[in-house]
Amino acid sequence: RVKQISHSLRIDVQTIEMKYPNINFNHFIINYSTGHELVINGALVQNSREALSADLSVKTTDFTVLHNSAVDNGMLYGNATIDADVTISGPVTTPDISGSVGLKDGSNITFVRQQQIASAKDREGVMQFVDMDTVRNEFIIAPAQTLESNSSRYVYLNYNLNLDISKEAQFNIIVDPLTRDVLQVKGAGQFNAGVNPNGDLSITGAYNLTKGSYQLNYQFLKRKFILQEGSTIILTGDPANADVDITAVYDILASPYELISNEVSNSAAFDTRLYKQKIPFQVFLHITGRATAPKLAFEVKMKEKVAGI
């Protein structure tokens, strides 16, 4: 049973062929508790240095990779179902993973933006002095032999995956865990995920939003702004540095009198009554900048093409 998906994976009467120097997988099936399958074909091959090299393909349809709640993981939770057609090749310690992965309709993923603790933030950039006599030398300069042996213990994954997001897959970003401001989006997106030479994950592509909302909560003020089509999220490397350009709107009936009372205070009574009438306005919310630290700006306009105005 896998905790992240809260379901069981089963291997029923499957065969792994041990035929030196190969470990062969011939239509090796892992069953998901909902009845869907993950199929592995190919082999692990042992070379002259007794290291294993992979030549595998992994295919699945409607496979659940995420099924949990905020209780299980307070930062990332929800439901995610994928189709995948992936190959795994090269040394098992540094495998190359390539292919395509598609996030399916009905997926609903929530990400909670973590607030940085003030005391930790205050320590950024502060120099720390250490008495070097209290530090053991082997922690400073490790022998080359030790470095070489330690490097073989770690597994590094080299990604080159094409990611496709279905229009009906939903993402929820809790922008502020304290006020519970939430950005909900749906749209079509195509991305490429890879690994930079320094080992950092890099994702490039555009997420074109078609539906969604921004729930704004500020003290007693609670408003739900509806996303406008044409909003985008652009990734050019580090996912944390994604650029957002989102416009959302909230319709409201309001009197313009308070806004222009100084200009009309000396007008005739008829004009005053006219300005005190409630008319439809639109409050636009513009969200720009980095996704992890977005900038919010507001704009108020009279609703266009309203009869009688």
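Note that this is a predicted model, so its numbers are computed, not measured.
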**Study point:** Side chain proximity check, Ile246 to Tyr214, heavy atoms < 4.5 angstrom
**Key:** no
Review point. Does any donor atom in the side chain of Asn108 or Asn172 lie under 3.5 Å from an acceptor atom in the other side chain?
Key: yes
Point to revise | 4.5 Å side-chain heavy-atom contact, Ile287 and Val175 | key: no
Exercise for review: Tell me, yes or no, whether the heavy-atom count around Asn241 atom CG, taken from other residues, nucleotides or ligands under 6.0 Å, exceeds 12.
Suggested key: yes
Review point. Does any N or O in the side chain of Asn217 come within less than 3.5 Å of the main-chain N or O of Arg180, such that one atom is a donor and the other an acceptor?
Key: yes
Point to revise | Identified side chain to side chain donor-acceptor pair (under 3.5 Å) partner of His67 from the options Asn79, Asp72, Thr81 | key: Asn79
Point to revise | Trace of the side chain to side chain contact (heavy atoms under 4.5 Å, CB included) decision for Thr60 with His36 | key: CA-CA 8 Å; Thr60 188; His36 299 289; 5.5 Å; no
Exercise for review: Check whether any side-chain heavy atom of Thr210 sits under 4.5 Å from a side-chain heavy atom of Asn208, and report yes or no.
Suggested key: no
Check your understanding: Can you name the closest pair of heavy atoms from Ser100 and Val86 and give their distance?
Key -> O-CG2, 4.1 Å
Check your understanding: Hey, is the main chain of Tyr77 close enough, under 3.5 Å, to the side chain of Asn73 for a donor-acceptor pair?
Key -> no
Exercise for review: Give a yes or no on whether Glu299 atom CD has more than 12 heavy-atom contacts from other residues, nucleotides or ligands under 6.0 Å away.
Suggested key: yes
Review point. Just wondering, do Met75 and Phe111 contact through their side chains at under 4.5 Å, heavy atoms?
Key: yes
Practice item. Determine, using the 4.5 Å side-chain heavy-atom cutoff (strictly less than), whether Leu253 and Phe225 are members of one ILVMFWY cluster. Key: no
**Study point:** Spacing of CG belonging to Leu76 relative to OG1 belonging to Thr110, to within rounding of 0.5 Å
**Key:** 8.5 Å
Revision key, fill the gap. Smallest heavy-atom separation, Gly74 atom then Val112 atom, equals O-CG2, 3.2 Å
Study note, to complete from the structure: Looking only at heavy atoms, the pair that brings Lys186 and Ala169 closest together is CG-O, 3.6 Å
Exercise for review: Working to the nearest 0.5 Å, report the span between OG1 of Thr94 and CG of Asp96.
Suggested key: 7.0 Å
Exercise for review: Measure from the side-chain N and O atoms of Thr61 to the backbone N and O of Asp83, and report whether any donor-acceptor pair falls under 3.5 Å.
Suggested key: no
Exercise for review: Taking the side chain as every heavy atom from C-beta outward, state whether Leu56 and Phe28 have any pair of such atoms under 4.5 Å apart.
Suggested key: no
Check your understanding: Which value, rounded to the nearest 0.5 Å, describes the distance between Asn158 atom CG and Ile97 atom CD1?
Key -> 8.0 Å
Revision key, fill the gap. Nearest heavy-atom approach of Asp12 to Asn31 is OD2-ND2, 3.9 Å
Exercise for review: Measure the OG-CG distance between Ser202 and Leu235 for me, rounded to the nearest 0.5 Å.
Suggested key: 9.0 Å
Review point. Is there a side-chain contact between Lys167 and Lys211 (heavy atoms, below 4.5 Å)?
Key: no
Review point. Is there a chain of hydrophobic side chains (I, L, V, M, F, W, Y, each step under 4.5 Å between heavy atoms) that links Leu209 to Leu216?
Key: yes
Revision key, fill the gap. Taking every heavy atom of Gln215 against every heavy atom of Arg223, the minimum-distance pair comes out as NE2-O, 3.4 Å
Point to revise | Thr236 and Ile234: CA distance, side-chain angles, deciding distance, side chain to side chain contact (heavy atoms under 4.5 Å, CB included) verdict | key: CA-CA 7 Å; Thr236 57; Ile234 305 296; 4.1 Å; yes
Review point. Quick one: do Ile226 and Val283 end up in the same hydrophobic cluster if we chain Ile, Leu, Val, Met, Phe, Trp and Tyr together by side-chain heavy atoms under 4.5 Å apart?
Key: no
Review point. Are Tyr250 and Phe298 close enough that some pair of their side-chain heavy atoms sits under 4.5 Å apart?
Key: no
Check your understanding: What's the verdict on side chain to side chain contact (heavy atoms under 4.5 Å, CB included) for Phe171 and Leu103, showing C-alpha distance, side-chain angles and the deciding distance?
Key -> CA-CA 11 Å; Phe171 290 91; Leu103 185 66; 3.5 Å; yes
Review point. Looking at residues at least two apart in the chain, or sitting in another chain, which of them share a side chain to side chain contact (heavy atoms under 4.5 Å, CB included) with Asp251?
Key: Val249, Gln282, Lys303
Review point. Which heavy-atom pair separates Asn41 from His27 by the least distance, and what is that distance?
Key: OD1-N, 2.5 Å
Review point. Which pairs pass salt bridge (charged side-chain N to carboxylate O under 4.0 Å, His left out) with one or both residues in residues 236-246, sequence neighbours excluded?
Key: none
Check your understanding: Should Leu66 and Leu163 be counted in the same cluster of Ile, Leu, Val, Met, Phe, Trp and Tyr side chains packed under 4.5 Å apart?
Key -> yes
Check your understanding: Looking at CG of Asn26 and CD1 of Ile29, how far apart are the two atoms once the value is rounded to the nearest 0.5 Å?
Key -> 10.0 Å
Exercise for review: Could you tell me the separation between the CD1 atom of Ile30 and the CD atom of Glu37, rounded to the nearest 0.5 Å?
Suggested key: 10.5 Å
**Study point:** Side chains of Val185 and Leu183 in contact at under 4.5 Å (non-hydrogen atoms)
**Key:** yes
Check your understanding: Val244 and Phe284: same hydrophobic cluster, using ILVMFWY side-chain contacts below 4.5 Å?
Key -> no
